[in-house]
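Below: the structure, in structure tokens.
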Amino acid sequence: MTKYPHLLAPLDLGFTTLKNRVLMGSMHTGLEETKDWNRVAEFYAERARGDVGLMVTGGMAPNKEGGVFPGAAGLFSDEDIANHKIVTDRVHAADGKIAMQILHAGRYAYSPNCVAPSAVKSPISPFPPTELDEDGIEKQISDIVTAAARAQQAGYDGVEVMGSEGYFLNQFLVTHTNKRTDKWGGSYENRMRLPLDVVRRVREAVGPEFIIIYRLSMIDLIPNGSTFDEVIILAKEIEKAGATIINTGIGWHEARIPTIATSVPRRAFTWVTEKLMGEVTIPVITSNRINTPEVAEAVLSDGCADMVSMARPFLADPHFVAKAAAGTPERIAPCIACNQACLDHTFGGKLSSCLVNPQACHETELVLEPTSSAKSIAIVGAGPAGLSTALALDTRGHTVTVFDQASEIGGQLNMAKQVPGKEEFHGFVDWYRAEVAASNITLKLETRADAEMLAAFDEVIVATGVLPRDPDIPGQDRANVVSYIDVLRNNAKVGKSVAVVGAGGIGFDVSEYLVTDDSPTEDLDEWLEEWGVTDPAKHRGGLVPTGPNPDAPARKVYLLQRKSEKLGKRLGKTTGWIHRAALKLKQVEMIGGVNYEKIDDSGLHITFGEARENPTCLEVDTVILCAGQVSNRSLADDLIALGKTPHVIGGADVAAELDAKRAINQGTRLAATI
Ligand code: NAP
Ligand code: SF4
């Protein structure tokens, strides 16, 4: 008997049946733009082999003006249709189903040629859109319909019409972006006209036996967004227009509320979808921050939706559904919602991947083949770099021994999991534990490996990580000065007022830890109140008119750096703003351009700029050093002195801008070559 009866139940759509209630939601990976169609096909086929019920591709542009950026992929020609057929054939051969998302970006297009219902520039694009005339509107609709017909020709099982997240169709629905006075604007009936025409005409073009998913924005999270009455009216009309399934969109891209980051509670928005249940007769899908089969099953058994959409979890583990069905959920590589290798890459113009699974989107290029000459390999360090390397080598058939002087695996991940909003890191370490237990790896904890002990191994991999950098501030040896390790690992006593020296990822994390008593990520109501989110039936767009209402900070914190640039500028592209906003809500004072002069009984003395002006004493109880790291290479040096040639990876290799993404990727790639 499965633990996930709702999740694994088939869904009968009349003309076709989905094998379970799991949709792999659309993700823009950048794969289609590589034009390496074998690679695109293998990405989706691998997920089909993992038994997901239905997949949606990344957004395909219906025309040039609707592309998210110039050169965005779409189905513009017979050649494009033939290329996409490679993908659909491979997916069908793996017994999967796949729908193509049609995404018209409207004013979100990063292009001077962008078009929109009205000439209202978006805050997230430098380009003001051109207001469409009547002919222009007709062209957009007919291009979307043509794209759907081409998708059908290319062998897709359906299309998803992207109507949420503030893209083109969504822009027609709300007065925030639709200022028109013709039949496409004004009343709600008029504002709905374009999305409804699109769905009706797509249905006419593709016939009755083709899936049409409509992605509908159920909570806009912007001022003057839709009311929930409007959402219900739209959903009912979309059903009448011929949609097969309604999928949930949460928040416009310009919303200043986090919707998918790791600090967002799990299933934070399924209550919104639940409000639509019973209002339409077609299946409804819910989405956002669902990342384990337990959560997905609970969402369905609670009646919040007929199906769940998960996107990033399928980057972390293509076999999510198959592992859940096999009764081994602990073996599912978890998506920790960090965005570091997926969305941050997409927005940086790079191919997506996954921090946890560097093979994601690299299925044809990073292959862990069985080895023909098994070696005995020692890995020193059971942090993410060492463990991922060990697992990859074990998969290939090598004999692997991992040493760590700590009593626990996980390395720095064990500090990260203490930080409010980073609770997902618990699951990450648990997954490593389960994988190591299921492998042939020999784990030697509480063992300090020295060069002599390692001499007999065929290969040695040094993943000993980093040591805190010494900022060399006069007075830093005083009792009121501690390091981030003392705080996050050793629970050091910290006073009520604090200066944090260094505003990298760890300075931000430590500040968050110090100002937060109870993590709102663990309490949905508190989190919604903190960010000012409410029921869209109460207030348009689901925004509380009085704004966010965070708990009082647990401490007074000053966060400092020497650079004069904006603090947090180098944090993740899609998450940095959230870290900054969260600390501002807690009244953290962020100060850049400082020199650290000394620490004494009065506190931390700083000056500003090269001229060391404005001497100021921050009268704090505790100073916490988060001044970055240096490589811990001593073992590597000892091995070299013994004549060995160790492989050095992760922070032990390069400490600057170290992160788990780089460490895991480097280790896995090394493992593929030994
Ligand atoms: P980091 O990002 O390199 O930041 C180090 C901080 O210390 C900087 O603010 C730097 O700013 C300051 N600093 C450097 N040398 C200093 C010195 N000699 N004296 C005083 N201050 C000095 O390192 P980290 O914060 O330790 O983080 C390590 C890595 O972990 C990051 O690169 C990140 O990838 C990862 N991480 C990320 C996150 C996240 O994104 N949320 C969270 C945790 C960790 P100035 O030089 O301007 O003073
Ligand atoms: Fe999830 Fe992070 Fe992987 Fe993206 S990079 S899929 S957010 S774990």
Side-chain angles (χ1 to χ4, degrees), residues 27 29 260-264 289 291 310-318 320 333-346 352-361 384 412-413 415-419 421-422 424-425 427-428 431 465-473 476 483-485 488 500-513 559-576 578-580 582-583 590-596 604 606 623-630 650-651 654-665:
M27 287 177 280
T29 59
I260 59 167
T262 192
S263 58
V264 176
R289 288 292 282 119
N291 67 341
M310 292 179 266
R312 298 170 297 171
F314 285 96
L315 292 178
D317 198 330
F320 183 106
C335 166
I336 55 172
C338 64
N339 287 357
Q340 276 179 253
C342 51
L343 280 166
D344 285 351
H345 279 208
T346 303
S352 281
S353 187
C354 175
L355 176 145
V356 174
N357 171 23
Q359 289 180 286
C361 301
Q412 300 238 1
L413 300 179
M415 282 194 277
K417 70 189 190 188
Q418 305 302 324
V419 176
K422 290 205 161 175
E424 291 293 352
F425 282 78
F428 194 8
W431 172 73
V466 290
L467 298 167
R469 179 187 284 130
D470 176 2
D472 202 15
I473 303 171
Q476 68 179 25
S483 84
Y484 66 90
I485 298 175
L488 293 178
V500 176
V501 169
I506 291 179
F508 268 78
D509 274 0
V510 165
S511 300
E512 187 91 45
Y513 175 84
L559 177 58
L560 308 166
Q561 73 178 18
R562 298 171 307 172
K563 289 186 282 295
S564 51
E565 69 188 29
K566 183 167 78 175
L567 272 76
K569 192 174 168 215
R570 294 159 201 241
L571 297 177
K573 254 187 188 313
T574 60
T575 52
I578 302 170
H579 293 297
R580 275 193 302 274
L583 293 191
M590 300 185 210
I591 309 174
V594 305
N595 311 297
Y596 306 108
L604 172 64
I606 55 174
V623 177
I624 302 178
L625 305 179
C626 306
Q629 282 99 15
V630 292
V654 182
E657 297 186 11
L658 163 72
D659 62 28
K661 179 185 78 172
R662 174 159 62 77
I664 292 170
N665 188 34

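We're numbering straight along the sequence, starting at 1. Counting starts at 1 for both ligands and their atoms, following the listed order. The figures that follow rest on heavy atoms only: side chains count, while hydrogens, waters and symmetry mates do not.
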Has ligand 1 got any nitrogen or oxygen that is less than 3.5 angstrom from a nitrogen or oxygen of [X]?
X: Tyr596; value: no
X: Gly504; value: yes
X: Gly505; value: yes
X: Asp470; value: no
X: Ala503; value: yes

Taking only heavy atoms of [X], which atoms of ligand 1 are found under 4.0 Å from at least one of them?
X: Gly502; answer: 6 (C), 7 (O), 9 (O), 12 (C)
X: Lys563; answer: 10 (C), 11 (O), 45 (P), 46 (O), 47 (O)
X: Gln561; answer: 47 (O), 48 (O)
X: Gly628; answer: 5 (C), 7 (O), 23 (O), 26 (O)
X: His579; answer: 41 (N)

Check each heavy atom of [X] against ligand 1 and say whether those closer than 4.0 Å belong to the side chain, the backbone, both or neither.
X: Phe508; result: neither
X: Ile506; result: both
X: Ala416; result: neither
X: Lys422; result: side chain
X: Arg570; result: neither
X: Gln340; result: neither

Between [Y] and [X], is there a side-chain heavy-atom distance shorter than 4.5 Å?
X: Gln561; Y: Lys569; result: no
X: Ile578; Y: Ser263; result: yes
X: Leu583; Y: Glu512; result: yes

Side chain to side chain contact (heavy atoms under 4.5 Å, CB included) between Ile664 and Val356, worked out: CA-CA 7 Å; Ile664 292 170; Val356 174; 5.9 Å; no

Measure across [X] and [Y] and return the closest heavy-atom pair with its distance rounded to 0.1 Å.
X: Ser352; Y: Cys342; result: OG-O, 3.4 Å
X: Ala655; Y: Val466; result: CB-CG1, 3.9 Å
X: Tyr484; Y: Met415; result: CE1-CE, 3.9 Å
X: His345; Y: Lys661; result: NE2-NZ, 2.9 Å

Val419 and Leu488: CA distance, side-chain angles, deciding distance, side chain to side chain contact (heavy atoms under 4.5 Å, CB included) verdict: CA-CA 8 Å; Val419 176; Leu488 293 178; 4.2 Å; yes

Residue selection (non-hydrogen contact nearest atom 15 (N) of ligand 1) among Lys569, Arg469, Gln412: Arg469

Asn339 versus Thr575, side-chain donor and acceptor atoms under 3.5 Å: no

Qualifying residues under salt bridge (Lys or Arg N to Asp or Glu O under 4.0 Å), relative to Arg289, sequence neighbours excluded: Glu424

Member of Leu604, Val623, Val501, Asp470 meeting the side-chain contact (heavy atoms from CB on, under 4.5 Å) criterion with Gln476: Asp470

Mutual orientation of the aromatic rings belonging to Phe508 and His579 [parallel < 30°, tilted 30-60°, perpendicular > 60°]: perpendicular

Inter-residue atom distance Leu571.CG - Asp344.CG, 0.5 Å rounding: 10.0 Å

Atom 2 (Fe) of ligand 2: protein N, O or S atoms [distance under 2.8 Å]: Cys338 SG

Side chain to side chain contact (heavy atoms under 4.5 Å, CB included) between Arg580 and Lys566, intermediate numbers included: CA-CA 10 Å; Arg580 275 193 302 274; Lys566 183 167 78 175; 3.9 Å; yes

Within-shell test, Met415 vs ligand 1, heavy atom, strictly < 4.0 Å: no

